[in-house]
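A short worksheet on the structure shown next.
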Amino acid sequence: MKIATFNINGIKARAQALLDWLDEAEADVVLLQEIKSVDENFPREMIEDKGYNVETHGQKGFNGVAILSKLPLEDVSRGLPGDDDDEQARWIEATVVGDRAVRVCGLYLPNGNPAPGPKYDYKLAWMERLKARAADLLAAEEPALMAGDYNVIPQPEDAKHPDRWTEDALFLPETRAAFRRILNLGYTEAFRARVQSPGHYSFWDYQAGAWQNDDGIRIDHLLLTPQAADLMTGCGIDKHVRDREKPSDHVPVWITLEA
DNA sequence: ATGGTCGTGGGACGA
């Protein structure tokens, strides 16, 4: 089973790029972030025509997440638990029924800039709620993963120029510590578990020639429970997608599971 | 320090 996460930065502008990538990647499950669409306007038919089941959790203008799956999806749940007043569409989860059942959670963690400030407070509070959900998932002792745009640069090795990010909400010590606390519950960060070398990124800003200079950061992650990590057979970043026409500023990150 | 570029929706805001 191949599972990918992809922040597409707007489904309307990215429709063709997404379809092209779906054709080549042949992922069984895709977790999308920043669809920037309400559910009614999401172009589900074009994706269903490629054999995917489609579950969305959209919002007007911003945010929005979705799950695409060639396998059946069960027990779909929308919204990160822990704050009934939070109306931002940043979380969706479902059970994928393959040879084994895998609980997949798609997330779009708040950016948090500028920090300090209310947006950063929201980010840290959201990460605390994420940790609570992560702990509950672990307690089930089943294959499960939480994947998406974490807006967290875990280590200096995950940025071309870490010195330029020291004041940024994606790299502040408090952000990285909150991310580590989630990992330390018992999660495996798929890519870093398999690749130790620096210089692998999943996001390049549209501005200032970031892509041309390979001035990237690695902020899209897949976190696996021990039962999922035991099934992992591969992991990769589809960097070449960033060089295409009308690209997202993120590229897909994926794993393969023996499931 | 500033401005640099996108997407959505059709203005301002988020990233």
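Being a predicted model, the structure only gives us computed values, none of them experimental.
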- A:Glu245 CD to B:dC6 P: how many Å, rounded? 12 Å
- Query: Under the side chain to side chain donor-acceptor pair (under 3.5 Å) test, which residues partner A:Ser37, sequence neighbours left out?
  - Reply: none
- Listed partners of A:Arg100 passing side chain to side chain donor-acceptor pair (under 3.5 Å), at least two apart: none
Taking distance alone, no hydrogens or angles, what donor-acceptor pairs closer than 3.5 Å link side-chain atoms of residues 25-32 of chain A to residues at least two apart or in another chain?
from, atom 1, to, atom 2, distance (Å)
A:Asp28, OD2, A:Lys2, N, 2.8

- Message: Rounding to an integer number of Å, can you tell me how far A:Asp205 CG sits from B:dG14 P?
- Response: 17 Å
- Any residue meeting ring-ring contact (aromatic ring centres under 6.0 Å, His included) with A:Tyr150, in chain and number order, not counting sequence neighbours: A:Phe179, A:His221
- Task: Could you give the distance separating B:dG9 and B:dG4 at their P atoms, to the nearest angstrom?
- Result: 25 Å
- Task: Give the rounded distance in Å between these two atoms: CG of A:Asn151 and C1' of B:dA15.
- Result: 8 Å
- nucleotides 7-12 of chain B: protein proximity per nucleotide (B base, S sugar-phosphate only, - neither; heavy atom, under 4.0 Å): BSB---
- Query: Excluding sequence neighbours, so at least two apart, what forms ring-ring contact (aromatic ring centres under 6.0 Å, His included) with A:Trp165?
  - Reply: none
- Query: Quick one: does A:Arg244's side chain have a donor or acceptor within less than 3.5 Å of a partner on A:Ala17's backbone?
  - Reply: no
- How close or far is atom P of B:dA1 from atom CZ of A:Arg164, stated in whole angstroms? 15 Å
- Between A:Arg218 and A:Glu189, does a salt bridge (charged side-chain N to carboxylate O under 4.0 Å, His left out) hold up when you go through it step by step? CA-CA 12 Å; A:Arg218 197 174 67 88; A:Glu189 197 252 276; 2.8 Å; yes
- Note on the structure: Rounded to whole Å, NE2 of A:His250 lies from P of B:dA15 at a distance of 10 Å
- Give the rounded distance in Å between these two atoms: CD of A:Gln207 and P of B:dT2. 15 Å
- Which whole-number value in Å describes the distance from A:Asp249 CG to B:dA15 P? 12 Å
Under 3.5 Å, which donor-acceptor pairs do the side chains of residues 131-142 of chain A form with other protein atoms, sequence neighbours left out?
from, atom 1, to, atom 2, distance (Å)
A:Arg133, NE, A:Glu93, OE2, 3.0
A:Arg133, NH2, A:Glu93, OE1, 2.8

- Query: Can you check the A:Trp165 CH2 to B:dA15 P distance for me, whole Å?
  - Reply: 13 Å
- Rounding to the closest angstrom, what is the interatomic distance between B:dT8 and B:dG3 at atom C1'? 22 Å
- Task: Tell me what A:Arg90 touches on the nucleic acid: a base, only sugar-phosphate, or nothing, going by heavy atoms under 4.0 Å.
- Result: sugar-phosphate
Going by atom type alone, with no hydrogens or angles, which donor-acceptor pairs under 3.5 Å involve a side-chain atom of residues 251-259 of chain A and a protein atom two or more places apart or on another chain?
from, atom 1, to, atom 2, distance (Å)
A:Trp254, NE1, A:Asp238, OD1, 2.9
A:Thr256, OG1, A:Thr233, OG1, 2.8
A:Thr256, OG1, A:Gly234, N, 2.9

- Note: contacts of residues 108-121 of chain A with DNA chain B (heavy atom, under 4.0 Å) are A:Tyr108, A:Asn111, A:Lys119
- Message: Can you check the distance between B:dT2 and B:dC6, where both ends of the measurement are the P atom (answer in whole Å)?
- Response: 22 Å
